[in-house]
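Below, each value reflects all heavy atoms present in this structure, side chains not excepted, and no hydrogens, waters or symmetry copies. In what follows, every chain begins at residue 1, and chains take the letters A, B, ... in the order their sequences are listed.
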Amino acid sequence: MNQDIVISALSAAVIAGTPILYAALGEIICEKSGNLNLGVEGMMLIGAVCGFKAATATNNPWIGFLAAMLAAGLFSLIHAFLTITLKSSQVVSGLALTIFGTGLSSFIGKSMIGIPAPVKFEKIAIPFLSKIPFIGPVFFDQDLLVYVSYLMVIAVWIYLYKTNMGLKLKAVGENPAAADAVGISVSKIQYIHVFIGGVLAGAGGAYLSLAYAPAWLENMTAGRGWIAVSLVIFALWNPSRALIGSYIFGGLDILGYRAQTLGFTISPFFMKMLPYLFTVGVLIFISAKKGNRNIAAPEGLGLSYSREER
Amino acid sequence: MTKLLKIEKRNVSSPYALAGIRIGSIFLALTIGAIFLIFSGHSPIETYGTMVDGAFGSTYGINETIVKTIPLLLATLAVSVAFRMKLWNIGAEGQIYAGGIVASGIALNFGHLPAYILIPMMLIGGFLGGAIWAMVPAIARAFWGTNETITTLMMNYVGILSVDYLVFGPWKDPDGFNFPITKEFSPAAFLPSFGNTRVHMGIVIALIVAFILYVVLNKTVWGYELRVAGENSTAAKYAGMNVVKNIILSLLVSGGIAGIAGMTEVSGIIHRLQSNFSPGYGYSAIIIAWLARLNPIAAIFVSFLFGGLIVGGYAVQTSGLPASIALMLQGLILFCVLGGEFFTQYRVSLDQRFFAKKEAKINEPRYCD
């Protein structure tokens with residue numbers, strides 16, 4: 001195997017991993033507040049279609065990116081309202097968000113199928129860093145949104161582990177009753193972080209429609225939202241582990257498309273199954289390794305908190 | 001802090017009140033859907049009219065609605081079995097594909113057998129295919145508590161890709177003009193239809209499964225165990241029930257029933273295996289199961305309505321709307337029903353104290369300071 005082929009494959013793995021990374025970071029923040037939002041797939045699709053629409057209308061990819069984040073963030077508030085205010089089942093509400101998001105995004109995007117994006121995020125090599133052998137072309141010769149995702153990992157890490165707000169967030173996720181008792185507004189914290197989760201899922205969706213494959217296709221996330229949800233478990237709710245996990249999934253994702261050039265003779269359909277089978281395998285592995293999961297998962301994840309029933 | 005609204009715990013148990021809240025929720029969903037339609041420049045009355053007319057307005061429409069009801073009902077019954085135990089089998093879609101694959105494999109290889117042997121073989125094959133698809137998530141959940149929501153869902157993509165592999169690869173019809181389809185089954189592998197319609201025996205199979213499940217879930221010890229284990233798995237363990245066995249068994253039965261839906265689709269409607277033959281029945285099933293409160297008899301009626309929703313979705317395509325409007329409405333219905341659930345558990349009223357705030361403050365005894 002030629003070194004250039006390997007470098008180009010790894011560089012493609014970073015690109016393929018980026019939408020998953022954005023969504024996974026969002027889901028980490030959301031789940032840290034004790035709210036399980038399984039609607040990532042739907043929120044990404046809303047982000048992808050709204051981002052594409054806004055970018056096409058304004059000829060500015062950044063406006064598209066921001067519109068995607070706002071749209072998906074607002075969309076996630078449906079889940080927030082249902083699960084926090086009305087105390088509905090988080091699992092079912094998240095599923096509803098995905099089903100509705102799938103339908104709504106194809107409703108919005110009907111007229112845009114097959115139109116290539118007039119604008120997209122182009123690759124920009126970072127001076128000096130991109131000259132580092134191997135690492136340079138893989139990590140620092142990418143589009144701007146990839147660099148933003150690096151910064152986002154750092155920002156989420158600092159937010160969770162070094163700020164007062166991060167501390168409150170974890171208190172709410174671990175023990176809402178105790179957090180409530182010391183005067184933290186549980187529902188406010190949860191609303192904010194479900195929203196942030198939606199915003200980042202929207203960013204992941206916009207990455208798909210504005211950088212990865214600059215176009216709108218129905219259902220273009222193809223399960224990446226669900227992979228992001230399982231990646232959170234894989235990453236044990238830690239943003240830096242999410243970064244590594246995303247690129248592993250990204251690598252498996254592109255294997256399906258590049259199998260031949262990389263010298264694999266297996267059917268491309270089997271190669272495309274890899275990220276999904278890998279997800280199943282990883283989940284089983286993590287849960288079989290007892291204890292690990294229980295330490296990392298927020299104690300109150302998936303349960304609605306009701307003040308009256310304290 | 002006193003708020004405007006007073007929320008108190010209650011529990012509505014009257015079936016009329018429950019049905020009322022549900023119907024009200026569906027109306028709310030349709031109203032929100034209407035607002036979307038107005039914003040996108042379509043008349044909601046006309047659109048809904050076209051949908052109802054397309055689905056129920058003619059014999060052809062009703063037949064098509066029944067045709068869609070078959071896989072929806074089977075998939076709904078499938079997920080209901082798992083949901084009873086609070087197991088989130090979101091993988092009915094993949095299990096439908098797996099059932100379709102095994103049934104097609106039997107039809108393609110044993111096409112020379114007479115129908116009365118071939119059809120039962122395909123039925124059992126379909127069941128086994130779906131059950132196999134649920135096996136890994138079931139075992140992982142039973143022994144290690146692996147999150148079955150995600151594992152069953154991931155298997156959906158694997159199922160869809162497996163069909164793609166077969167119909168683009170080894171099972172591809174050489175005379176199929178390069179379409180991703182297998183060759184047509186021999187007529188012995190066709191589920192018989194009623195008269196000249198597309199409505200096939202699958203509806204009878206689905207109704208029988210619904211009836212059996214109703215009896216099993218409500219009148220047998222196993223059904224009782226499922227319910228108890230779903231309500232409280234710790235209590236079930238103390239009562240000496242084998243929770244591990246029940247988790248595996250209910251997920252396998254769940255997958256198997258979804259697999260039958262795959263079998264009835266390939267055998268009753270398309271008469272061959274084809275890429276993407278299920279347009280998301282497995283996902284709609286989740287909503288229907290929730291609406292029907294996991295009751296197999298209620299599932300029959302809700303599936304019929306949702307069948308109509310899908311057929312109606314196709315009917316509005318002529319006016320430039322995407323068929324995905326049906327999916328959108330399904331999502332909206334689920335949202336509103338979920339929200340409506342709140343009112344079965346809590347009573348919301350205006351809090352008089354909010355208005356009497358000042359007065360109350362003065363008279364409030366002060367213990368703290």
Side-chain angles (χ1 to χ4, degrees), chain A residues 36 38 41-42 78-79 81-83 85-89 91-111 113 218 222-223 226-227 229-230 233 256 267-270 272-273 275-281 283-290 293 306 308-309, chain B residues 7-9 36 40 86 88 90 136-137 139-141 143-158 160-166 168-169 280 283-284 286-287 290 313 320-335 337-343 345-346:
Chain A
L36 175 70
L38 294 181
E41 183 87 359
I78 305 177
H79 173 78
F81 178 69
L82 282 172
T83 57
T85 305
L86 298 186
K87 301 177 180 62
S88 304
S89 156
V91 173
V92 184
S93 165
L95 290 171
L97 204 63
T98 288
I99 293 169
F100 182 55
T102 310
L104 183 61
S105 63
S106 57
F107 184 73
I108 298 172
K110 175 95 194 314
S111 56
I113 296 171
E218 271 187 33
W226 292 100
I227 290 179
V229 174
S230 21
I233 303 170
S267 157
F269 294 109
F270 287 122
K272 280 186 193 166
M273 286 176 200
Y276 309 113
L277 289 174
F278 187 72
T279 306
V280 174
L283 281 179
I284 294 176
F285 178 76
I286 291 173
S287 50
K289 253 175 65 184
K290 276 268 186 290
R293 190 200 138 97
S306 172
E308 295 78 20
E309 289 159 40
Chain B
I7 295 165
E8 291 166 301
K9 191 95 181 149
F36 270 106
S40 65
K86 296 240 165 69
W88 300 105
I90 314 301
V136 171
I139 291 174
R141 168 62 211 249
F143 289 106
W144 305 299
T146 310
N147 186 330
E148 77 287 358
T149 318
I150 299 170
T151 51
T152 51
L153 195 119
M154 288 290 116
M155 294 303 284
N156 289 347
Y157 295 96
V158 179
I160 294 166
L161 285 166
S162 302
V163 170
D164 282 352
Y165 164 71
L166 291 169
F168 280 102
Y283 299 109
S284 302
I286 300 162
I287 305 175
W290 192 261
L321 278 162
S324 59
I325 182 117
L327 198 63
M328 222 181 91
L329 283 174
Q330 289 179 29
L332 276 176
I333 291 172
L334 186 51
F335 279 139
V337 169
L338 261 178
E341 207 100 308
F342 179 78
F343 296 96
Q345 285 165 17
Y346 299 90

Go through the atoms of B:T149 and report whether side chain, backbone, both or neither lie under 4.5 Å from a heavy atom of chain A.
side chain
Closest non-hydrogen atoms of B:Y157 and A:G223, given as atom of the first, atom of the second and distance, are OH-CA, 3.1 Å
What's the spacing between B:S324 OG and A:E218 CD if we round to 0.5 Å?
5.5 Å
So how far is it from B:L327 CG to A:I99 CD1, rounded to the nearest 0.5 Å?
7.0 Å
Please classify the contact of A:K272 with chain B as side chain, backbone, both or neither, using a heavy-atom distance under 4.5 Å.
both
CG of A:L283 to CH2 of B:W144, rounded to nearest 0.5 Å, is 12.5 Å
Which word best sums up how the rings of A:F100 and B:F335 line up, parallel for under 30°, tilted for 30 to 60°, or perpendicular for over 60°?
perpendicular
Given that the side chain runs from C-beta out, which part of B:L161 has a heavy atom under 4.5 Å from chain A: side chain, backbone, both or neither?
both
Most heavy-atom pairs under 4.5 Å with chain A, out of B:I333, B:I325, B:L332, belong to B:L332
Under a 4.5 Å heavy-atom cutoff, which of B:I286, B:I90, B:I150 has the most pairs with chain A?
B:I150
Under 4.5 Å heavy-atom distance to chain A, tell me which part of B:T152 shows up: side chain, backbone, both or neither.
neither
Contacting moiety of A:L97, where chain B heavy atoms sit under 4.5 Å
both
Pairs of heavy atoms under 4.5 Å with chain A: top-ranked of B:L329, B:L153, B:I139
B:L153
Please name the pair of heavy atoms, one in B:P322 and one in A:S106, separated by the smallest distance, quoted to 0.1 Å.
CG-O, 4.1 Å
Check whether A:V92 gets within reach of chain B through its side chain, its backbone, both or neither, counting any heavy atom under 4.5 Å.
both
Can you tell me how far the CG atom of B:L334 sits from the OG atom of A:S93, to the nearest 0.5 Å?
8.0 Å
Turns out that what part of A:L82 lies under 4.5 Å from chain B's heavy atoms comes down to side chain
Note, B:V136 side chain near A:I284 side chain (heavy atom, < 4.5 Å)
yes
Identify which part of A:T279 has an atom lying under 4.5 Å from any heavy atom of chain B, answering side chain, backbone, both or neither.
side chain
At a 4.5 Å cut-off on heavy atoms, which part of B:I287 comes close to chain A: side chain, backbone, both, or neither?
side chain
Heavy-atom closest pair (B:T146 atom, A:S287 atom, distance to 0.1 Å) is OG1-OG, 2.5 Å
Show, in sequence, the C-alpha distance, side-chain angles and deciding distance for A:L104 and B:F36, and conclude whether the side chain to side chain contact (heavy atoms under 4.5 Å, CB included) test is met.
CA-CA 10 Å; A:L104 183 61; B:F36 270 106; 3.6 Å; yes
Carefully, step by step, assess A:F107 and B:S40 under the rule side chain to side chain contact (heavy atoms under 4.5 Å, CB included).
CA-CA 9 Å; A:F107 184 73; B:S40 65; 3.4 Å; yes
Heavy-atom distances under 4.5 Å only: say whether A:T102 touches chain B with side chain, backbone, both or neither.
both
Counting only heavy atoms closer than 4.5 Å, note whether B:I160 contacts chain A via side chain, backbone, both or neither.
neither
So do the side chains of A:W226 and B:M154 get within less than 4.5 Å of each other, counting heavy atoms only?
yes
May I ask you to decide if the ring planes of B:Y165 and A:F270 are parallel, tilted or perpendicular, using 30° and 60° as cut-offs?
tilted
Proximal component of A:F81, with respect to chain B [non-hydrogen, under 4.5 Å]:
neither
Side chain, backbone, both or neither of A:L38 within contact of chain B (heavy atoms, under 4.5 Å):
side chain
Report the distance from atom CZ of B:F342 to atom NZ of A:K87, rounding to the nearest 0.5 Å.
5.5 Å
Heavy-atom pair with the smallest gap, counting every atom of A:G103 and B:M328
C-CG, 3.9 Å
Given that the side chain runs from C-beta out, which part of A:T85 has a heavy atom under 4.5 Å from chain B: side chain, backbone, both or neither?
backbone
Between B:L338 and chain A, with a heavy-atom cut-off of 4.5 Å, which part of the residue counts as in contact: side chain, backbone, both or neither?
both
